[in-house]
Structures are given as structure tokens and as C-alpha cells.
Amino acid sequence: MQNVGTLTQDKIYKTPPKTENTEVKPVKPEQPGIDKTALITGSIAAAGIIGLSAIIIRQRGNIQKLNEALNKAKNNYSPPSSTNKPETLIPYRLLPFEKCELYKTFKESNKGFMEFISNINSEPQKVKEFLFGITSDKDAGGEFIKEVINDPRQSGKILNILQEKTGGWKNLAEWLQAPKGYQEAYTELFRHLVKDMSIDDMIKLSPNWHIYYLMHKCNSKNIQFGTLPGEFQNIKDYTHFVNWLTDIRRGIGHQSKEAYKKPVPLEYGGQHFTMLPLQEGLSGKYAMKLQFFNPETEKMGKAYVLKVQELFGSEQSHAAQESFAYRPDSAFINAQIDYYLNLHNCKNTVKFHFFDYASNSGLYDFIEGRQTVKTENLIEGNNLIKDMNLLGIHYNDVCSTNIVEANGTYKVIDIGDSTFTDPLRPGIKGIQFEFANGCGISAPNFALALKQ
């Protein structure tokens, strides 16, 4: 996550600070050096501003009045739960946790951090000081972080409470990113904890780990995570099996469109199954439907989908393989996101089973879904997959072929080009990364995640 807001950490006071001239003026988005806090609050308020402008144009038709109204709307925007006064960026004091004004009340309350903050009736300045006191203290900061990330689906609610208690989004954003604030405490905590975490625990925390670090955790150049279904566990060399299938799939791809309609019976190591090539997308992945069967009874087993990353002739180059893995819709990124969603029992994703970096492939359940989505609109599409949004995943490649209706809910069957955003799980420099997006702008997703 990028640095957000104007920092005031150099303003340390021995006496309660004066707040004159601390108001941060909004920065127009078209100007160089944009204030990212202004971008966030502007994005959140965008829908209301657009609606207001439409009314003014229709009723008055006066451009000057329109501009005045828009400027007033931006300058006066604040969350519904707060007052209508322009938000002030409050200078804060860096004090030892036990020296913060709210510390004694907190200890006497015998409540958890968020329960205490939710119910406290105190000036935003004291709450902001209290939060900096928490995150600048190693033990308190660790306890606080573990509490607020315990249930990722609650991140939006927690952030809303914190922005209200600290006096607005600018003050929240400053605490999230300033020295001795949340980002620094989060990084320090998980740089230590991740050393003893399993890959499953890492991906359950967040789905954006660098290749080199996963290799380090696997103690191998071949990253594997998930669990192979029973039908595949009898295949001793899974990487070779996938590469063999991919060669067959490529050959079929050069045939007529009829080749995509008829399953091909195959045998590998005594295992019998059918392979049906699925229509290719635009991101360079091969997808095929696999279904094992008993050759004597011809009874068909469960169906799976194997997604394989195309390397376009550069299979022998480790650098090329890594570059393809970081593409927005790669099998590697798909697998991390889908596994993350599976580990949180998300109802808007398909069942993920296994990822194998050596063959650039991910294995999933095959689902029969209806293509009922008629929109490519980002907001309309994400409104169908709110459980996924609550887990910090906002989907950018909205279209009828990627979101299907199955088992009474909507599921994303190709998760690439997503954005992962949760300010309470902001990522760790050097071992985590932010997903690329090949489907257009995704900057508003940060505002959407804060505002849900």
C-alpha cells in the first residue's frame, strides 16, 4: 500500500497541541503531486457529487453555480456519522503507551482494544494519540494487530469506527502510514511471525507473496500449495503429467472448433480420464476439463479444471517464467487469490485444490454455472460478489464469462485482474507485492474497501 496523507510526526508536543492552521486543503486530482488522502475521500464521495451535479445542471443550467456546488461538496464531505465541518488533520503526540491520556481508562475497562475504542466518548485528538501509543509499543501493537485482523470480513467496520473516533479519513490514513503507526507495527510483527508460518497460514493472511519468498518457505524452486485430490495422488510426477497434458492440449488447439466439443480419452500411468479443451481467454492460460473414469464400468468421476500458464516458448528461462507469473491474470496469482478465498470459505469462489509452479498450473473443481451476468460495470459486478469484497478482493475483469451463477450464488471462475486491498493487512515491503491489473483503472477500489 502506498503512503497516504500528509505526515505530522515531526510535531511532537510536551503540552496539549494547538490546532490552529492544521487544516489540510483538498488537492485537485488533475494537479501534479496529488494528495492521496484527498483522492481517497474524493473517491468515496464521488457518487454523491455526481448526483448533486446532475440535479444542479437540470434545474439551473449554470456552470458557475455548478462549480461552486461541487467545490462545496468536496470541501464539506465527511462520513455520515460525523459532523458537516471540514475535516482537520490533527497534530499528534508520540508518547509511551502507558503515558497516553486514555491508557488508564483503557486498563480499568478490562475490554479489548476495539470494544474500548468503539464505546469511548473522547476527543479525536486523544484517540489518535492512543492509537499511536498502541502501535509504537511492540507488545501492545502486536496484540492490537492480531485482534483487528482476526476476522477479515470485519475490516470495513473496524476502519469505519477508527475513522469516526479519530476525526476522519485523513487522520485515519495518517495513523495507518506514519512512522510509529500501523504499517510500521504490522511490518515489524509479521517479519518476525512469518518465519514460523506455513504457506497455508501465509496465504490465509493475504494472497500476495513474492515468488522468491515462497520458494524459500518450500525449500525448493518448485512452489506447491494446496492438496491434490485422491484421483491425482496416484500420479507420481504431477509436473510431468501437466506438461504432457499441455502438449496434447496445444495440438488440439490448432484443430477446428469442433475439437473443443468432444472429450478426448487418455491414459497416464494406468489412470484413465477424459480431457476436454475449454475455450481460451485473452490472458495466455490454457484451461482443460479433466474427468477420471473406470474403463470397465465406464463410470465417470468428479470433473476438474486444470489451468496452465502459457510461456510461449520460453519454458527454459527461469526469468521469463517469473515474469509471466507476475502478469495480472497468471495461474500463479489466480492460485494465491483463490486459495486465500477458499481458506476463508468465501461463497463467491470455486473450489481450489493445488498449485504447481514447475508446470505453471492450478487445479480446481469444475462447476456447471449459468452465464447470467449482463454487465461489465465494475460496481454492478462487485455487488454480486460481496462476500469476496468483504475479504478484500475487488474484481476488475467483470464480464458474463467470468462471473457465473451456480448453486444459488454468484461465483468468479477466473479471478485474475483482481485488486487485494485491506488497510489492516497492508503488505510487507520486500516479501509481498500488489497485483497488477490489465482491465483498466482500479484505483477506486481502495476507497471502496474503506467505505464498505
Side-chain angles (χ1 to χ4, degrees), residues 1-19 22-24 35-38 40-41 87-107 112-114 116-118 120 122-150 155 158-195 205-206 421-432 446 450:
M1 186 174 70
Q2 300 298 315
N3 288 336
V4 180
T6 304
L7 302 181
T8 63
Q9 79 283 353
D10 56 327
K11 300 178 181 178
I12 310 300
Y13 298 90
K14 294 183 179 179
T15 57
K18 297 180 180 180
T19 59
T22 58
E23 180 179 348
V24 177
D35 181 341
K36 292 183 176 64
T37 302
I40 295 167
T41 54
E87 181 184 335
T88 298
L89 187 60
I90 303 170
Y92 61 90
R93 302 184 296 178
L94 284 177
L95 297 174
F97 183 39
E98 64 275 9
K99 298 294 184 181
C100 295
E101 289 194 46
L102 295 179
Y103 176 80
K104 182 179 180 181
T105 307
F106 166 67
K107 296 300 291 185
F113 289 104
M114 284 310 303
F116 172 76
I117 293 171
S118 299
I120 192 71
S122 180
E123 298 92 332
Q125 178 180 310
K126 292 182 181 180
V127 177
K128 189 174 180 181
E129 175 191 277
F130 181 67
L131 287 173
F132 271 104
I134 292 171
T135 51
S136 61
D137 182 279
K138 183 177 180 180
D139 293 334
E143 292 177 13
F144 176 84
I145 291 168
K146 290 175 184 178
E147 179 182 322
V148 297
I149 67 170
N150 181 58
S155 288
I158 291 171
L159 289 163
N160 279 329
I161 292 169
L162 293 175
Q163 68 82 20
E164 180 182 357
K165 297 297 183 177
T166 56
W169 298 109
K170 294 178 183 178
N171 290 292
L172 172 62
E174 180 167 55
W175 168 70
L176 287 170
Q177 282 294 305
K180 300 299 181 180
Y182 188 86
Q183 172 76 64
E184 198 171 281
Y186 183 92
T187 298
E188 182 179 352
L189 175 66
F190 280 103
R191 278 196 186 280
H192 171 71
L193 292 182
V194 73
K195 295 176 183 178
L205 176 66
S206 54
T421 307
D422 183 350
L424 297 179
R425 291 172 295 157
I428 305 167
K429 186 176 182 179
I431 60 177
Q432 291 182 295
F446 183 65
L450 281 174

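Computed from heavy atoms alone, side chains included, the values below leave out hydrogens, waters and symmetry copies.
- To the nearest 0.5 Å, the span separating CD on Glu123 from CD1 on Ile120 amounts to 9.5 Å.
- By the side-chain hydrogen bond (donor to acceptor under 3.5 Å, both in side chains) test, Thr135 is found to be paired with Trp175, residues two or more places apart in sequence or in another chain being considered.
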Would you sort out whether Phe130 and Ile117 count as a side-chain contact (heavy atoms from CB on, under 4.5 Å), showing the intermediate values? CA-CA 9 Å; Phe130 181 67; Ile117 293 171; 4.1 Å; yes
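- Side-chain atoms of Arg425 never come within 3.5 Å of backbone atoms of Ile149 as a donor-acceptor pair (strictly under, hydrogens ignored).
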Test side-chain contact (heavy atoms from CB on, under 4.5 Å) applied to Lys180 and Glu184, step by step: CA-CA 6 Å; Lys180 300 299 181 180; Glu184 198 171 281; 3.6 Å; yes
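- Between Lys170 and Glu87, none of the side-chain N atoms (NZ, or NE/NH1/NH2) sits under 4.0 Å from a carboxylate O, so this pair counts as no salt bridge.
- Here Asp139 contributes atom CG and Ile134 contributes atom CD1; the two are 13.0 Å apart, rounded to the nearest 0.5 Å.
- Under the 3.5 Å distance criterion, the side-chain polar atoms of Gln183 are left unmatched by any main-chain donor or acceptor of Pro423.
- Taking every heavy atom of both residues into account, Gly167 and Pro124 meet most closely at N-CB, 3.7 Å.
- Atom CD1 of residue Ile428 and atom CD of residue Glu188 lie 11.5 Å apart, to the nearest 0.5 angstrom.
- If you take CZ on Phe132 and CG on Asp137, they are separated by 14.5 Å, rounding to the nearest 0.5 Å.
- One distance of note links CG of Leu176 with CG of Leu424; it measures 7.0 Å at 0.5 Å rounding.
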Test side-chain contact (heavy atoms from CB on, under 4.5 Å) applied to Ser122 and Leu102, step by step: CA-CA 9 Å; Ser122 180; Leu102 295 179; 3.7 Å; yes
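- A donor-acceptor contact shorter than 3.5 Å is absent between the side chain of Glu129 and the backbone of Leu95.
- Heavy atoms only, all atoms of each residue included: Ile90 and Thr166 are closest at CD1-O, 3.8 Å.
- In this view, Phe113 and Phe106, Phe144 satisfy the ring pair (Phe, Tyr, Trp, His ring centres under 6.0 Å) rule, not counting sequence neighbours.
- The NZ atom of Lys126 sits 9.0 Å away from atom CZ of Arg93, with the distance rounded to the nearest 0.5 Å.
- Side chain of Asn171 to main chain of Thr88: a donor-acceptor pair is present (N/O by atom type, distance under 3.5 Å, no hydrogens or angles).
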side-chain contact (heavy atoms from CB on, under 4.5 Å) between Trp169 and Leu172, worked out: CA-CA 5 Å; Trp169 298 109; Leu172 172 62; 3.8 Å; yes
